[in-house]
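Accompanying notes for the structure given below.
Keep in mind that the numbers below use all heavy atoms, side chains included, and drop hydrogens, waters and symmetry copies. Each residue takes its place number in the sequence, starting with 1.
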Amino acid sequence: AFKALCNADPASKWELHVAGYWSNEQWLRPYIDHIIKEMGLTDQVKIYDWIPNVNEFLEGFDYVVSSSFKEAFSLIAAEAMAKGIKMLTHNWLGAKDIWPESCVWTTIDEFVAKILANDYNSEHYRSLAEKYDKKYEIEEANKIMQII
């Protein structure tokens with residue numbers, strides 16, 4: 001998906017910052033390193049194992065993208081949106097139950113179109129994140145406890 005974005009918009013110098021621990025699959029990291037090199041993306045892809053301060057890490061980013069196929073609620077996605085960053089997540093089972101359709105992509109073409117769309121609105125992303133505020137979770141938990 002990232003390579004398709006770079007191909008669709010070659011004038012821009014896109015960077016992909018990948019954060020998080022790698023799978024226990026021993027072959028995965030060597031494969032990722034290999035495919036990055038084969039696609040000519042070595043200078044554009046930065047990989048981090050652990051991010052001690054997510055808020056600082058997100059400074060200067062315009063997009064947060066999740067390509068997971070088995071995600072649940074993503075805290076980094078919500079944190080990014082709270083900072084006014086456009087978040088896009090792959091259409092894993094249940095993604096549209098959590099995130100608005102405008103934040104969900106299914107195909108690579110759809111991913112590229114959503115990134116290149118001229119619809120960036122930081123206030124909108126912040127407002128979407130507000131519904132995930134802990135105060136609402138606590139209120140809902142209290143309602144459940146009263147029922148029990």
Does a donor on one side chain and an acceptor on the other come within less than 3.5 Å for Trp14 and Asp9?
-> yes

Salt bridge flag under 4.0 Å for residues Asp33 and Lys37 = no

Which word best sums up how the rings of Tyr31 and His34 line up, parallel for under 30°, tilted for 30 to 60°, or perpendicular for over 60°?
-> tilted

Worked verdict on Met39 versus Phe2 for side-chain contact (heavy atoms from CB on, under 4.5 Å) | CA-CA 10 Å; Met39 289 187 190; Phe2 181 67; over 6 Å; no

Nearest non-hydrogen partners of Val112 and Ala1, listed with the distance | CG2-O, 4.3 Å

Could you tell me whether the side chain of Val104 reaches within less than 4.5 Å of the side chain of Leu88, counting heavy atoms only?
-> no

Listed partners of Glu59 passing salt bridge (charged side-chain N to carboxylate O under 4.0 Å, His left out), at least two apart = Lys83

Should Leu41 and Cys6 count as side-chain neighbours, where that means a heavy-atom distance under 4.5 Å?
-> yes

Please check if Trp27 and Ile35 belong to a single hydrophobic cluster, counting links between Ile, Leu, Val, Met, Phe, Trp and Tyr side chain heavy atoms closer than 4.5 Å.
-> yes

How long is the gap from OG1 on Thr107 to NE2 on His90, to the nearest 0.5 Å?
-> 8.5 Å

Could you list all the salt bridge (Lys or Arg N to Asp or Glu O under 4.0 Å) pairs where at least one residue sits in residues 102-125, not counting sequence neighbours?
-> Lys86-Asp119, Glu110-Lys114, Glu123-Arg126

When the ring centroid of Tyr63 is compared with that of Phe111, is the distance short of 6.0 Å?
-> no

Value rounded to 0.5 Å, distance of CD1 in Ile85 from CZ in Phe61 = 8.0 Å

Can any side-chain N or O of Tyr125 pair as donor or acceptor with the backbone N or O of Ala78 at less than 3.5 Å?
-> no

Value rounded to 0.5 Å, distance of NZ in Lys46 from NE2 in His17 | 6.5 Å

Are any side-chain N or O atoms of Ser122 and backbone N or O atoms of Gly84, one a donor and one an acceptor, separated by less than 3.5 Å?
-> yes

What is the distance from atom OG of Ser67 to atom CD1 of Ile108, rounded to the nearest 0.5 Å?
-> 10.0 Å

Straight-line distance of Lys96 NZ to Thr106 OG1, nearest 0.5 Å | 5.0 Å

Residues that His124 engages under ring pair (Phe, Tyr, Trp, His ring centres under 6.0 Å), provided they are two or more places apart | none

Starting at CD1 of Ile36, measure out to CG of Asp43 and round the result to the nearest 0.5 Å.
-> 11.5 Å

